[in-house]
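For reference, the structure discussed in these notes is given below.
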Amino acid sequence: MRTGVIGLVLPPTFSFLEMMWRICPALAVGCTVVVLVPPASPTPLLLAQLAGELGQFPGILNVISGPAFLGFVLSSQPGVQKVAFCGAVEEGRALRRLLAGQGPELGLALGAESLLLLTEAADFDSAVEGVVDAAWSDRGGGGLRLLIQESVWDETMRRLQARMGRLRGGRGLDGAVDMGARGTAARDRAQHYVSEAQSQGAQVFQAGTVPSESPFFLPTLISDLPPACPCTQAEVPWPLVVASPFRTAREALALANGTPRGGSASVWSERLGQALELAYGLRMGTVWINAHGLRDPAVPTGGCKESGSSWHGGMDGLYEYLRPSGTPARLPYLSENLNYDTFGLAVPSTLPAGPETGPSPAPPYGLFVGGRFQAPGARSSRPIWDSHGKLHGYVAEGGAKDIRGAVEAAHQAAPGWVGQSPGARAALLWALAAALQRRESTLASRLERHGVELKVAKAEVELSVRRLRAWGARVQAQGCTLQVAELRGPVLRLREPLGVLAVVCPDEWPLLAFVSLLAPALAHGNTVVLVPSGACPIPALEVCQDVASLLPAGLVNVVTGDRDHLTRCLALHQDVQALWYFGSAQGSQFVEWASAGNLKPVWVNRGCPRAWDQEAEGAGPELGLRAARTKALWLPMGD
Amino acid sequence: MSAHQRGTELDLSWISKVQVNQPAVLRRAEQIQARRPVKKEWQAAWLLKAVTFIDLTTLSGDDTSSNVQRLCYKAKYPIREDLLKALNMHGKGITTAAVCVYPARVCDAVRALKAAGCDIPVASVATGFPAGQTHLKTRLEEIRLAVEAGATEIDVVINRTLVLTGQWEGSDFIKTSTGKETVNATFPVAIVMLRAIRDFFWKTGNKIGFKPAGGIRSAKDSLAWLSLIKEELGDEWLKPELFRIGASTLLADIERQIYHHVTGRYAAYHDLSMS
């Protein structure tokens, strides 16, 4: 069902078309839209006029032309269900922090830099045209990072420089220009970057005919930028191109994936196998092969890492404006006195309640990290009490170091897991389901000790087994071919794993929720770090005993301990690709705030319990959608 | 024409390393036509420049001395005098680059041009035009006869048999095709050829000329060709020594455009002289 009122905050550099690509899908699914655009260009006025012409349904499209800080005001209005922000990375971060705990969901589409990977088997002249399209035209969004294979470096630079000499800049409405200007702010950014680069020893080449008045900037090519220079990690502004050499395809991927940007890239190679290898290996939202900058409203466009995880276009773009049927409207749950600096920082110490009476419990469970149970770094355990107040067992007290170890183990296991065929993954999930089935009585009795009725406990175990099987069956290399009107050749919508997914499981349904969250994450090729239910983690740890023998090491890691502390560690970890949090409202707010660090997509329950036994909430398509990310792969054909 | 090329050793590895991506070239071809529109007096200037690149051609089976003579006169006076006067370009030597005829008509062309007092070269097609499927002996004899009759440029049809079996020849100019095929001079093909010319120049320092022929009928097209050359190769190639357009009806359309620019009205068929 539709989300409701959407607030769109768009940057002034957007063209009218780009604005419509974001507004129209929202209107199409039935949402109403408020657009905020800074008044630097007359486009918002045109938009407002258009909105006014929607006379029959006044108010479905509203346009505010105002300064950027109004975005914060817009987001905090009651009733706004979602805010979609497009613009600069730092502003997106600040907005994320500000909106933690507020009502609206936040979608970010940040940065405009793209990447062009030129191998030695490419059509160089056409690739140079690709560079022109990407960076030195009005079609591209931002600057370009250019990776050129070393063996063809000189040839390519020569062609680039010759081509730059023929570029013409001028006012946009003069039909014979290649590029216009983007305002003084953009010009200053470009100038600043160039000066920085020069002071670090880079070579700067500028050419082309451009009016010398203020906002116009010459097309610029920067090379020999030392890798350790701060410029290499900063976003390349328009109209700059920063060129770096690479020797092998592996090095190219390492360089290409080695920045926080994850927006769009193109691969230029006439060798199909090599082109596809590179395209699949790039961690980007959109990859073009032997082309750059092709766009279509039917193709999802978005990014990963710090380019934000919101999409526009295609199915994914529509899902941005929809939410599962039956979900209540989002209300603010802000806790005014939440101190972000101290939340979860200190672990409250747990002293033994008194002399232990009764049979000695089993030895404490360790943490399940890297495929085996190991002692926690802090070398201490916490007691778990059952519903009668008796001691059920001890579990490890995990801390920051353990989280670090778990995330590392998950990263190590990731390439192997992604490389597994869908059939192999499905087989492993089914094997785990079978093992769980065999363990049914133990699990049921553990649940019973925590006050769950035997019948309900058995049903919970049954359902968990069924869920595992179901997700196993749904494992397949999920991709589909899209139809694009003006392109000869396929565009593939690939679904790729997020990477390392961290999950903080809820207290309700301790076993079922654990399995319901684990299964889709694994099915989509992610590796997971889980924090099980605080009151009843033992069933989850029992499952780990089967995981140890069946699944590759590091695939599933379970860390017990103080939930707030562990949540803090996970939320602040820069190398966790996504975080799902089902806990308290305060924890949810902290998670939203902390995710601004590496802009990881988060899913929080805002303190409301979820009906895990219902199909819709426990095994619905929302889980599958959130467990993977999309990549659009363009393959223009012709010989 | 430029001084005779020294030529280079045939190095097939140059060719095998070249990659051409067709969709990308098609995209560039579309862009070229839209990217650099020229208007008003600049358009008139570019059109006059285009006239100086035309190889005014007549290659039909019923060519006789009378239509060749008319062609040569048109080559000397491609645009009506009063139109040129209005543009202040009369007396600046605006003629076409050459006249192109069949070998048997070369002596008629030379005679007509001498009578008109014009020194533009006569180009002759030769070597079994247009198919090129005659014996080497007769092909060489054809060229000799044409040169004896006064032709100073020869459009040679390459032996496609040799091409298809990988045996290459060298030249001063490359032409897109004979102009008698179903598909002749298109922008994607031209882009690839021009890039090859540029690469050859970068590698050896030799400048090879380019001639698109066949299918160029409108003035707008000719402007697109001029801007293509300017964009890909630069101003040095915008000279009759390195660039020719093989056309016959193009001149009429250019003249109509110039007429419109000068008078503001559209010309009737009989307002401008025939070629």
Side-chain angles (χ1 to χ4, degrees), chain A residues 116 118-133 137-139 151-152 154-155 158-159 161-168 170 173-179 208-209 266-272 274-275 288-294 486-489 634-639, chain B residues 13-43 45-46 186-205 207 220 223-224 226-238:
Chain A
L116 195 144
L118 181 62
T119 66
E120 63 188 355
D123 176 356
F124 305 114
D125 293 297
S126 295
V128 164
E129 292 300 322
V131 174
V132 172
D133 278 344
S137 72
D138 284 329
R139 276 186 307 283
S151 50
V152 294
D154 293 321
E155 241 184 286
R158 180 184 204 173
R159 277 166 222 261
Q161 290 172 350
R163 183 71 177 94
M164 282 167 84
R166 306 215 208 288
L167 290 171
R168 299 182 73 227
L173 289 177
D174 172 358
V177 299
D178 292 302
M179 49 189 246
T209 352
S266 62
V267 175
W268 293 78
S269 167
E270 294 293 312
R271 276 191 232 137
L272 180 64
Q274 181 189 55
W288 298 283
I289 295 190
N290 290 324
H292 197 109
L294 306 175
E486 277 141 36
L487 185 77
R488 274 194 79 217
W634 293 69
L635 294 159
M637 70 184 237
D639 186 31
Chain B
S13 70
W14 287 3
I15 302 174
S16 56
K17 274 198 277 188
V18 171
Q19 304 277 7
V20 175
N21 183 275
Q22 193 228 42
V25 170
L26 287 176
R27 255 177 272 131
R28 175 72 174 142
E30 272 172 40
Q31 276 179 8
I32 289 275
Q33 298 171 65
R35 278 282 189 90
R36 300 277 191 260
V38 196
K39 301 288 177 205
K40 300 186 195 164
E41 58 260 40
W42 296 280
Q43 189 186 60
W46 277 53
T186 56
F187 286 112
V189 163
I191 288 175
V192 176
M193 288 174 80
L194 291 173
R195 287 173 177 174
I197 291 179
R198 188 182 54 204
D199 281 354
F200 188 73
F201 173 59
W202 279 349
K203 280 198 172 71
T204 64
K207 289 188 186 164
K220 191 151 154 271
L223 291 178
L226 257 66
S227 65
L228 176 62
I229 301 290
K230 193 179 162 82
E231 287 277 302
E232 291 282 327
L233 291 174
D235 289 336
E236 304 120 51
W237 260 265
L238 278 177

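Sequence lines set the chain letters: A, B, ... in the order given, protein chains first and strands last, and positions in each chain run from 1.
Minimum heavy-atom separation, E270(A) to N21(B): OE2-ND2, 2.8 Å. Annotation for V25(B) and S126(A): closest pair CG2-OG, 3.8 Å, computed over non-hydrogen atoms. Residue H292(A) comes nearest to R27(B) through the heavy atom pair N-NH1, 4.4 Å, listed as atom of the first residue, atom of the second, then distance.
At a 4.5 Å heavy-atom cutoff, the contact between K230(B) and chain A is made by backbone atoms alone. Looking at A122(A), the atoms closer than 4.5 Å to chain B (heavy atoms on both sides) all sit in the backbone: N, CA, C or O. At a 4.5 Å heavy-atom cutoff, L194(B) makes no contact with chain A through either its backbone or its side chain. Interface remark: D178(A) contributes backbone and side-chain atoms alike to the contact with chain B (heavy atom separation under 4.5 Å). The parts of A121(A) that come within reach of chain B are both its backbone and its side chain, each placing non-hydrogen atoms under 4.5 angstrom from that chain. Both the backbone and the side chain of R35(B) come within less than 4.5 Å of a heavy atom of chain A. Looking at L294(A), the atoms closer than 4.5 Å to chain B (heavy atoms on both sides) all sit in the side chain, from C-beta outward. Contact of R168(A) with chain B is made through backbone and side chain together, with heavy-atom distances under 4.5 Å.
Electrostatic pairing of R159(A) and D199(B) counts as a salt bridge here, judged by a charged N lying under 4.0 Å from a carboxylate O.
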Derivation of the side chain to side chain contact (heavy atoms under 4.5 Å, CB included) call for I191(B) and D125(A): CA-CA 10 Å; I191(B) 288 175; D125(A) 293 297; over 6 Å; no
M637(A)/Q22(B) under side chain to side chain contact (heavy atoms under 4.5 Å, CB included): CA gap, chis, key distance, verdict: CA-CA 8 Å; M637(A) 70 184 237; Q22(B) 193 228 42; over 6 Å; no
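Note: R198(B) leads K17(B), R198(B), K39(B) in heavy-atom pairs under 4.5 Å with chain A. Across R158(A), E129(A), E120(A), the residue that shares the most heavy-atom pairs under 4.5 angstrom with chain B is R158(A).
No more than 12 heavy atoms of other residues, nucleotides or ligands sit less than 6.0 Å from atom CH2 of W42(B).
Separation of atoms NZ (K203(B)) and CD (E155(A)) is listed at 6.0 Å; rounding is to 0.5 Å.
Between Q19(B) and N290(A) the shortest side-chain heavy-atom distance does not fall below 4.5 Å.
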